[in-house]
Amino acid sequence: MIEFERFTLDNGLRVLFYHDPTTPMAVVNTLYDVGARDESPERTGFAHLFEHLMFGGSVNIPNFDGPLQQAGGTNNAFTSNDITNYYDVLPAQNLETALWLESDRMLSLAFTEKSLEVQRSVVIEEFKQRYLNQPYGDLWLEFRPHAYKKHPYKWATIGKNIAHIEEATMNEVKDFFKRFYHPANAILCIAGNLEFENVKSLVEKWYGDIPSQKKVKRALPVEPPQTEFRTKTIVRDVPSDAFYYGFKMPGRQKEGYYAADLISDVLGRGESSRLYQRLNKQLDLVTEINAYIMGSHDDGLLVVSGKPKEEVDMEKIDHEIWRVMNEIQQTLIAETELEKIINKVKTTKVFSEQGILNKAMGLCLHELLGDANDINTETDAYEAVTPNDIQHYAKSILAKTNCSQLLIKAKDNDK
């Protein structure tokens, strides 16, 4: 049980506090409710660009990293299609240094041509290195627009193409900051061996005078129901062929999300999963096979991915994958199999919440989704899923008309 306190500043900043007497360190975690889905289709990659720009210094503090390092701290950030998250970890007695730094860049990020050009170059280089010059690197650049036709999940967090970042103007960058980087669009979690009243006072001191701003109402294009099977083959310079099946599934706040997550585990989590047992152990058709969900806030994807063994026909693999899918749809899963999978989920959750930083990030995420306390009750949602639920949602999610397939063929095998 993670016990926490919460309060909200007059400017709309939501604040969570978690007291942990077991560590000398403190965490300042700031989640901004902005991700790649909030970008213009003509200017993608901005959320990720800002992940970098936010370390370029503020008006009053030109070097963000310097003071934090002097205080014995470290920091980092990550962007997804749904959120952008920044965190600082430092000795608890130096908490105020992190609050000073984070509040100042929320109030007045320094928009200099030098900072923009430096971070633009970093992002462009990352685009090339991670997505264009790496085996399977452009997978999601190809797969997302194949699976999504309307919703902005159709592009990756890095963006559709390099040109969107190369051509970004200072005015466009400033506008993005103004719309999304303000107190009402952020959730702050402070964790450590600290006193609540002192934390509250410090947060008020550093964040209280940041002007309030109206939170942008999200109105994203709705992805229409998929009604036909889609398949696409691309040829790449990769070590071996690969396959990906994407099935639309409910978003995090919708009924069926937890059932879908468990279905992915039944299919492809570990060596006891059904796809692994059938295609690897019994038939020796694949070198690897997995199933997982994207964890998206809006309607997401349940993905089945793998690599065929050399000389194995993809048609045979495809046939066996659909056989396993049909079994889950036609036959109730045994209570014992479902219970074993739920126990694995619970164990994973316990391990994932080890450490003060993970707790802080988890509290922020659940607060964004509706209530930070759901971090304590999420396992109940998994335990409530029944074999009938698994079968019911498998029939709709694993339908062939709900599937987008991407096949990657290695150049040497493309004959």
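From a predicted model like this one, the values you see are computed outputs, not experimental measurements. Heavy atoms only: backbone and side chains are in, while hydrogens, waters and symmetry mates are out.
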Please determine, by modelled atom types, if [X] and [Y] share a side-chain donor-acceptor pair under 3.5 angstrom.
X      : Y      : result
Trp206 : Glu102 : no
Asp318 : Tyr245 : yes
Asn185 : Lys215 : yes
Thr79  : Glu51  : yes
Thr22  : Asp20  : yes
Asn11  : Ser212 : no
Glu378 : Tyr258 : yes
Asp88  : Asn75  : no
Gln226 : Ser404 : yes
His19  : Glu195 : no
Tyr276 : Asn290 : no

For atom [atom1] of [X], is the number of surrounding heavy atoms from other residues, nucleotides or ligands below 6.0 Å larger than 12?
X      : atom1 : answer
Lys340 : NZ    : no
Lys178 : NZ    : no
Glu335 : CD    : no
Lys254 : NZ    : no
Gln282 : CD    : yes
Asp10  : CG    : no

With a 4.0 Å cut-off on N to O distance, would you call [X] and [Y] a salt bridge?
X      : Y      : result
Glu320 : Arg323 : yes
Glu96  : Lys205 : yes
Lys409 : Asp241 : yes
Lys154 : Glu223 : no
Asp371 : Arg6   : yes
Glu353 : Lys359 : no
Glu166 : Arg120 : no
Glu327 : Arg278 : yes
Asp138 : Arg236 : yes
Asp33  : Arg218 : yes
Glu39  : Lys160 : no

For the backbone of [Y] and the side chain of [X], can you confirm whether one donor and one acceptor N or O come within less than 3.5 Å of each other?
X      : Y      : value
Ser396 : Tyr393 : yes
Thr23  : Met25  : yes
Ser201 : Asn198 : no
Trp155 : Ala36  : yes
Thr377 : Asp380 : no
Asp389 : Thr386 : yes
Asn376 : Ile2   : yes

Over-ring placement of Arg105 relative to Phe64, 6.0 Å and 45° cut-offs: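 Yes, Arg105 lies over the aromatic ring of Phe64.
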Geometric cation-pi criterion, Lys200 with Phe7: 6.0 Å, 45°: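 Relative to the ring axis of Phe7, which defines the angle, Lys200 lies inside both limits.
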Partner of Asn81 under side chain to side chain donor-acceptor pair (under 3.5 Å), chosen from Arg37, His297, Arg144: Arg144
Do [X] and [Y] touch side chain to side chain, with heavy atoms closer than 4.5 Å?
X      : Y      : result
Thr30  : Ile187 : no
Met325 : Leu267 : yes
Val303 : Phe247 : no
Leu332 : Asn388 : yes
Phe243 : Gln405 : no
Asn373 : Phe4   : yes
Tyr18  : Leu363 : yes
Pro221 : His151 : no

Do the two ring centres, one from [X] and one from [Y], sit under 6.0 Å apart?
X      : Y      : answer
Phe176 : Phe180 : yes
Phe177 : Phe111 : yes
Tyr148 : Tyr153 : yes

Pair Phe50-Tyr32, ring-ring contact (aromatic ring centres under 6.0 Å, His included): steps then yes or no: CA-CA 11 Å; Phe50 257 91; Tyr32 287 93; 9.5 Å; no
Of Gln213, Met106, Lys214, the residue whose pairing with His182 passes side-chain contact (heavy atoms from CB on, under 4.5 Å): Gln213
Least distance between heavy atoms, Ala291 atom then Val304 atom: CB-CG2, 4.1 Å
